[in-house]
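This report refers to the structure that appears directly beneath it.
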Amino acid sequence: MAKPHARPSALRRFLEGQSSAGLVLMGAAALALAVANSPLGPAYEAARHAYLGPLSLEHWVNDGLMAVFFLLVGLEIKREALDGGLSTWPRRALPGIAAAGGMAVPALVYLAFNRGGTAHGWAIPAATDIAFALGVISLLGNRVPASLRVFLAALAIIDDLGAVAIIALFYTAGLSLPDLLGAAAVTAALVGLNRAGVLRLAPYLLLGAALWVLVLRSGIHATLAGVVLAMTVPLRHRAAAPDDEAASPLHRLEHGLLIPVGFLVVPVFGFVNAGVPVLGLPAGALTAPVTLGVGLGLLLGKAVGVFGAATLAIRLGLADMPAYAGRVQLLGVALLCGIGFTMSLFITLLAFPGEPLLQAEAKIGILAGSLVSGLLGYALLRTAPQDWPGTPSR
C-alpha cells in the first residue's frame with residue numbers, strides 16, 4: 001500500500017509561495033515599464049491619479065492594499081519570532097547580524113552621494129524584496145542548499161521588521177492627536193481580545209479596519225495599522241496544537257493571505273508604481289545623485305553589508321555558516337539581497353512626496369540596482385561549486 005505523501009511544512013509552503021509570487025512580480029514590473037514608455041503612457045499616468053471616492057487609485061493601492069501586505073509581513077515576523085526559524089537567539093544570530101549590515105551599509109553608500117534634501121531618501125536601498133529574491137532562487141532549483149534559502153527568508157523577514165521601524169520613526173509627520181488616541185484605544189481593544197483568548201478572526205479584522213481608518217487620518221502611514229493588527233492576532237504554539245494549525249488564528253489568516261497578497265496585492269503595487277517614463281526624463285536623471293545612491297546602495301551596499309557582517313559573525317564564532325554552503329554561495333545570496341523592489345519603491349513614495357523627478361530617479365536606481373544584483377547573484381549561485389546532498393550531477 002502506497003504511503004501517503006507527507007504534508008509540506010509551513011516553511012516549505014511559505015518559500016514556495018514567495019518564490020512563485022516573485023516571478024509574477026517580475027512580470028508586473030516589466031509590464032509597467034513597457035506601458036509607461038509606450039503610447040499608453042499618458043493613460044497609465046492618468047489612471048494612477050484618478051480619484052475613486054476620497055483617495056486616488058495610487059493612494060488606494062499604496063495606503064489600502066499595501067496595508068494588507070504589511071499585515072502579512074507582521075504575521076510572518078510574529079510567527080517566525082515565536083514559533084519558527086527565528087524563535088531562538090542562535091537561529092536569529094546570522095540572519096540578524098547580516099540584516100543589520102545589509103541595512104546600514106546601503107544607507108551609508110546612499111549618503112555618500114546625497115546631501116541636503118535628497119538625503120531624506122537614505123532608507124530606500126536598505127530593504128530586501130523577499131518575493132523577488134526567492135523568485136530568483138527558485139529558478140536555480142536544487143543548485144542552492146536549503147539552508148541558504150532559509151537564511152535568505154529569515155534575513156528578509158528581519159529586514160522587513162527594520163523597514164517597518166524606519167517608516168514609523170523617520171517617515172511620519174503632521175500627527176493628529178485625536179486620531180492617535182482613537183488608534184491607541186482600538187489597539188488596546190485588540191490586545192484585550194487576545195488576552196481574553198478570542199480565537200475567531202472576525203472581531204480582529206473588524207477592529208483592524210477601524211484601526212486603518214484612524215491611522216490613515218492620524219498622520220502615521222496607514223500601512224502600519226496592518227503590522228499592529230498582526231501583532232495582536234493570537235498564535236497557538238505547536239506544543240498546544242501540534243497537528244492542527246487551523247486551531248491557530250495567526251496561521252489561518254497568514255495562509256489565507258499568502259495567495260491574494262503574493263499574486264494580487266504586490267503585483268498590483270508593482271504595476272502601479274514601477275512604471276517610470278524613462279524616455280521622457282532629463283538625460284541627467286540616469287546619473288543623478290539619487291539614482292546613483294539608490295542603485296549602488298542596492299548593488300554594492302547590500303552585498304558588502306550582508307556578506308561582510310555575516311562573514312565577521314562566523315569568524316568571531318557568533319554564528320555558524322549555513323549547512324553545505326561556502327563563501328561563494330553566501331556572496332551570491334548577499335547579492336540577491338540587493339533586489340529591493342517592493343519596500344524600496346514604498347519608501348521612495350514616503351521619502352519624496354510630491355516630487356515626481358526625485359521619485360523617478362529613485363525608481364530608476366531601484367530597477368537598475370535590483371536587476372544587476374539579481375543577475376549577478378543568479379550567475380554566481382549557478383556557477384558556484386556544489387557538494388551537498390541532492391546536488392545535480394555535472
Side-chain angles (χ1 to χ4, degrees), residues 25 28-29 32-33 36 44-45 48-49 56-63 65-67 69-70 73 102-103 106-107 109-111 113-114 116-132 159-160 162-173 220-224 265-278 280-282 285-299 301-302 337-373:
L25 180 55
L33 277 173
Y44 171 81
E45 284 297 317
R48 288 176 63 231
H49 296 100
S56 68
L57 175 63
E58 182 182 32
H59 281 109
W60 277 118
V61 171
N62 296 339
D63 294 350
L65 280 183
M66 286 302 282
F69 167 78
F70 275 80
V73 168
M103 298 189 79
V109 171
Y110 179 89
L111 291 174
F113 289 90
N114 291 272
T118 60
H120 198 51
W122 62 271
I124 295 171
T128 295
D129 191 303
I130 184 171
F132 238 134
D159 212 322
D160 282 345
V164 168
I166 287 171
I167 291 169
L169 294 174
F170 298 101
Y171 294 104
T172 294
I220 299 174
H221 203 275
T223 52
L224 296 180
V265 172
V266 174
V268 167
F269 171 82
F271 180 77
V272 168
N273 291 284
V276 183
V278 179
L281 291 175
L286 299 177
T287 56
V290 170
T291 307
L292 294 175
V294 172
L296 293 176
L298 288 169
L299 176 60
K302 273 292 185 181
C337 290
I339 303 174
F341 191 78
T342 305
M343 278 293 192
S344 294
L345 283 176
F346 191 78
I347 295 175
T348 293
L349 303 175
L350 302 180
F352 303 127
E355 300 186 67
L357 180 57
L358 292 180
Q359 287 186 10
E361 291 172 356
K363 289 178 181 180
I364 293 171
I366 292 167
L367 294 171
S370 297
L371 177 62
V372 178
S373 295

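Nothing fancy with the numbering, it's 1 onward along the sequence. Since the structure is predicted, the reported quantities are computational estimates derived from the model, not experimental observations.
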Taking the ring of [Y] and the ring of [X], is the distance between their centroids below 6.0 Å?
| X | Y | result |
| --- | --- | --- |
| F346 | H221 | yes |
| H120 | Y171 | yes |
| F269 | F341 | no |

Specify the closest pair of heavy atoms between [X] and [Y], including all atoms of both residues, with the distance to one decimal.
| X | Y | result |
| --- | --- | --- |
| S344 | P125 | OG-CA, 4.4 Å |
| R48 | E45 | NH1-OE1, 2.9 Å |
| A351 | G121 | CB-CA, 3.9 Å |
| S373 | L298 | OG-O, 3.7 Å |
| V272 | Y44 | O-OH, 3.0 Å |
| S370 | G340 | OG-N, 3.1 Å |

How many angstroms lie between atom [atom1] of [X] and atom [atom2] of [Y], to the nearest 0.5 angstrom?
| X | Y | atom1 | atom2 | answer |
| --- | --- | --- | --- | --- |
| F113 | L296 | CZ | CG | 5.0 Å |
| T291 | K363 | OG1 | NZ | 12.5 Å |
| M103 | C337 | CE | SG | 11.5 Å |
| L349 | E355 | CG | CD | 12.0 Å |
| F271 | L33 | CZ | CG | 10.5 Å |
| L286 | I364 | CG | CD1 | 5.0 Å |

In this structure, which one of D159, D160, T128 forms a side chain to side chain contact (heavy atoms under 4.5 Å, CB included) with M343?
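It is D160; the other options fail the test.
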Side chain to side chain contact (heavy atoms under 4.5 Å, CB included) evaluation trace for V294 with Y110
CA-CA 6 Å; V294 172; Y110 179 89; 3.7 Å; yes
Residue of the set T348, T342, N62 for which side chain to side chain donor-acceptor pair (under 3.5 Å) holds with N273:
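When side chain to side chain donor-acceptor pair (under 3.5 Å) is applied between N273 and each of T348, T342, N62, only N62 qualifies.
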Using a 3.5 Å distance criterion without hydrogens, assess whether the side chain of Q359 forms a donor-acceptor pair with backbone atoms of F352.
yes
Main chain of G297, side chain of K302: is a donor-acceptor contact present, judged purely on distance under 3.5 Å?
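No; zero donor-acceptor contacts below 3.5 Å.
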F69 and T223: side chain to side chain contact (heavy atoms under 4.5 Å, CB included), yes or no, with the steps?
CA-CA 8 Å; F69 167 78; T223 52; over 6 Å; no
Side chain to side chain contact (heavy atoms under 4.5 Å, CB included) between W60 and V268, intermediate numbers included
CA-CA 11 Å; W60 277 118; V268 167; over 6 Å; no
